[in-house]
Amino acid sequence: MFANGLPYLAIPGPSVMPDRVMRAMHRAAPNIYTGELHDITHGLIPDLKAVAGTRHDVAIYIGNGHGVWEAALSNVIGEGDTVLVLATGRFCVGWGEMADGLGANVETIDFGMSNAVDPAQVEAALKADNEGKIKAVMTVLVDTSTGVLNDIKGIRGAIDAAGHDALFMVDCIASMGCDEFHMDDWGVDIAVAASQKGLMTPPGIGFVWFNGKADAVRGDMKRVSRYWDWRPRTSAEEYYQYFNGTAPTHHIYGLREALDMIKEEGLSNVWARHEGLARAIWAAADAWGADGPLEINVAEPSQRSRAVTSVKLGEGQGDALREWCENKMGVTLGIGLGRAPASAYFRLGHMGHVNGHMVMGFLGTIDAGLKALGIPHGKGALEAASAVLADLAGADTSRANTDKPVEKCCG
Ligand SMILES: *Cc1c(COP(=O)(O)O)cnc(C)c1O
């Protein structure tokens with residue numbers, strides 16, 4: 001009934017594509033042999049490194065998140081190697097399954113679906129690995145199925161405290177450019193991300209960042225499949241021109257524009273925007289949940305992503321709400337991926353090109369849906385969310401970014 005108008009995909013990827021990115025991609029096929037496309041590709045490299053907080057290397061792949069999962073593993077994990085997966089939802093388990101597909105022995109510590117990795121358990125598991133069999137520790141910055149945010153620095157501390165030499169591999173696909181991340185400072189050896197979430201570009205290209213320690217492990221591999229090998233991909237002479245095949249021409253233009261947008265806003269401001277919008281969402285959910293079944297999947301705010309939120313209702317209510325919001329209001333919410341029962345959950349993507357009025361819009365839509373469907377809920381959710389945004393934005397009426405370092409409410 002009220003769905004005609006601008007549709008809004010509020011799911012955790014693909015995220016909202018900025019008009020600027022779409023306009024940058026709307027062009028004839030460019031010359032792939034010489035000229036602008038090569039210059040732009042060279043220019044992407046330092047900006048991709050800056051977004052990840054690394055001075056080491058990055059390789060670009062044509063592929064989605066699953067593609068870079070396999071790319072990263074293929075360079076360092078072979079048949080018979082052992083990896084330790086720290087699972088906080090469906091996605092880290094999926095990355096582990098990919099390692100299994102490459103012949104690795106996959107050991108998993110499961111932290112459940114609502115809690116972050118406990119570094120103490122990681123330390124104990126690594127200390128118990130007397131023979132040093134574990135070649136890599138794999139986890140996610142954010143698990144998109146649960147909305148759990150992991151303490152990457154804390155897990156690094158656990159690896160160090162155990163005196164273990166394993167590579168530390170982190171999936172940042174959900175939240176690169178949304179949740180704070182510092183690859184080098186936090187001691188991450190390999191990070192992966194894809195274009196279609198915080199990086200605001202259509203699905204189709206992905207990135208593997210790796211340091212010298214990871215590349216030394218790559219050097220000791222018996223063989224690495226040619227397409228996934230990251231070494232030729234960091235050769236400016238060869239790869240930026242030849243891309244192991246045809247360059248992802250239009251994605252390069254789109255990503256250039258998206259990275260320009262991040263640079264113009266300033267990465268710390270981008271993080272602060274996600275932080276503030278997430279707090280508004282949590283305030284609304286707390287108000288709804290004060291009287292009824294609704295609750296945020298992750299109870300502890302310091303363990304919540306600022307890019308994706310998983311919300312639990314009664315069985316069937318998540319599905320009903322999603323259908324109502326899409327068909328009556330034009331807002332598409334994410335499914336209860338990997339949950340049982342999936343129909344009790346919905347997920348909100350608030351990653352990338354998202355601002356205050358968009359968040360107030362989908363919160364208002366959910367509020368109306370709860371009322372229309374007769375799902376019990378507390379009052380005052382929109383009031384609570386708007387109070388958060390009013391407080392954080394303050395009385396200054398200018399658009400200017402404050403460029404202050406992000407201040408997190410909760411660790
Ligand atoms: C989206 C996502 C993936 C998978 O990415 P695809 O592009 O769908 O293959 C993997 N891990 C995380 C954390 C994600 O958010």
Side-chain angles (χ1 to χ4, degrees), residues 9-17 51-52 60-74 83 85-101 106 108 111 113-114 116-117 136-152 155 168-181 183 188 190-209 228 248 251 254-255 258 274 278 297-298 303-310 332-339 345-352 354:
L9 190 67
I11 74 172
S15 63
V16 173
M17 277 181 261
V51 167
I60 303 175
Y61 293 86
I62 299 180
N64 57 16
H66 283 67
V68 288
W69 269 355
E70 183 148 324
L73 289 167
S74 296
V83 297
V85 169
L86 311 177
T88 54
R90 175 67 210 139
F91 280 86
C92 205
V93 170
W95 199 13
E97 287 166 355
M98 209 140 236
D100 176 70
V106 181
T108 303
F111 295 90
M113 299 295 267
S114 298
V117 168
V137 174
M138 298 162 56
T139 196
V140 287
L141 174 62
V142 166
D143 198 292
T144 321
S145 61
T146 56
V148 168
L149 171 76
N150 282 313
D151 174 8
I152 299 302
I155 300 170
F168 188 24
M169 304 176 67
V170 180
D171 168 347
C172 301
I173 300 172
S175 52
M176 183 65 82
C178 307
D179 281 297
E180 197 172 343
F181 181 70
M183 176 169 163
V188 173
I190 298 175
V192 299
S195 53
Q196 78 274 20
K197 300 192 184 182
L199 299 178
M200 304 180 287
T201 303
I205 52 174
F207 318 99
V208 178
W209 292 264
W228 295 132
H251 279 80
L255 182 66
H274 283 85
N297 178 52
V298 181
Q303 299 183 2
R304 289 178 186 159
S305 169
R306 278 68 171 170
V308 52
T309 301
S310 166
T332 304
L333 308 175
I335 59 171
L337 190 83
R339 305 312 299 262
Y345 291 84
F346 69 91
R347 289 173 307 148
L348 293 166
H350 32 104
M351 47 180 60
V354 180

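Numbers for residues simply follow the sequence, beginning at 1. Each ligand, and each atom within it, is numbered from 1 in the order the structure gives.
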- [ ] Please confirm whether the backbone N or O of Val148 pairs with a side-chain atom of Asp143, one donor and one acceptor, at under 3.5 Å?
- [x]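 Checking the backbone N and O of Val148 against the side chain of Asp143, no donor-acceptor pair under 3.5 Å is found.
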Task: Short side-chain to backbone donor-acceptor contact, Thr144 and Ala174, under 3.5 Å - done: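 Flag not set: sc Thr144 to bb Ala174 has no pair under 3.5 Å.
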Open item on the list: Ignoring hydrogens and geometry beyond distance, is a side-chain donor-acceptor pair present between Thr201 and His251 at under 3.5 Å?
Closed with: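 No, because no side-chain N or O of Thr201 sits under 3.5 Å from a partner of the opposite role on His251.
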Open item on the list: Pairing donors with acceptors under 3.5 angstrom, does anything connect the side chains of Ser305 and Asp179?
Closed with: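 Result is yes, a qualifying pair exists.
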With a cut-off of 4.0 Å, which atoms of ligand 1 are near a heavy atom of [X]?
X      : answer
Thr144 : 12 (C), 13 (C), 14 (C), 15 (O)
Lys197 : 1 (C), 2 (C), 3 (C), 14 (C), 15 (O)
Val142 : 13 (C)

Task: Per atom 7 (O) of ligand 1, closest listed option by heavy atom (Met351, Gln196, His66, Met98) - done: Gln196
Task: Plane angle bin for Trp228 and Tyr61 - parallel if under 30°, tilted between 30 and 60°, otherwise perpendicular - done: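 Rings of Tyr61 and Trp228: tilted, 30 to 60°.
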Heavy atoms only, cut-off 4.0 Å: how does [X] contact ligand 1, side chain, backbone, both, or neither?
X      : result
Ala194 : neither
Asp171 : side chain
Leu141 : neither
Trp95  : neither

TODO: Find the distance between CZ (Arg306) and OG (Ser175) and round it off to the nearest 0.5 Å.
DONE: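 If we round to the nearest 0.5 Å, Arg306:CZ and Ser175:OG are 11.0 Å apart.
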- [ ] Note the single closest protein heavy atom to atom 5 (O) of ligand 1, along with its residue, its atom name and the distance in Å.
- [x]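 Scanning the protein heavy atoms, the shortest distance from atom 5 (O) of ligand 1 goes to Gly65 CA, 3.3 Å.
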TODO: Name all pairs fulfilling the salt bridge (Lys or Arg N to Asp or Glu O under 4.0 Å) condition that reach into residues 85-95, sequence neighbours left out, sorted by first residue then second.
DONE: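 As it turns out, the salt bridge (Lys or Arg N to Asp or Glu O under 4.0 Å) pairs with a partner in residues 85-95, which skip direct neighbours, are Arg90-Glu97.
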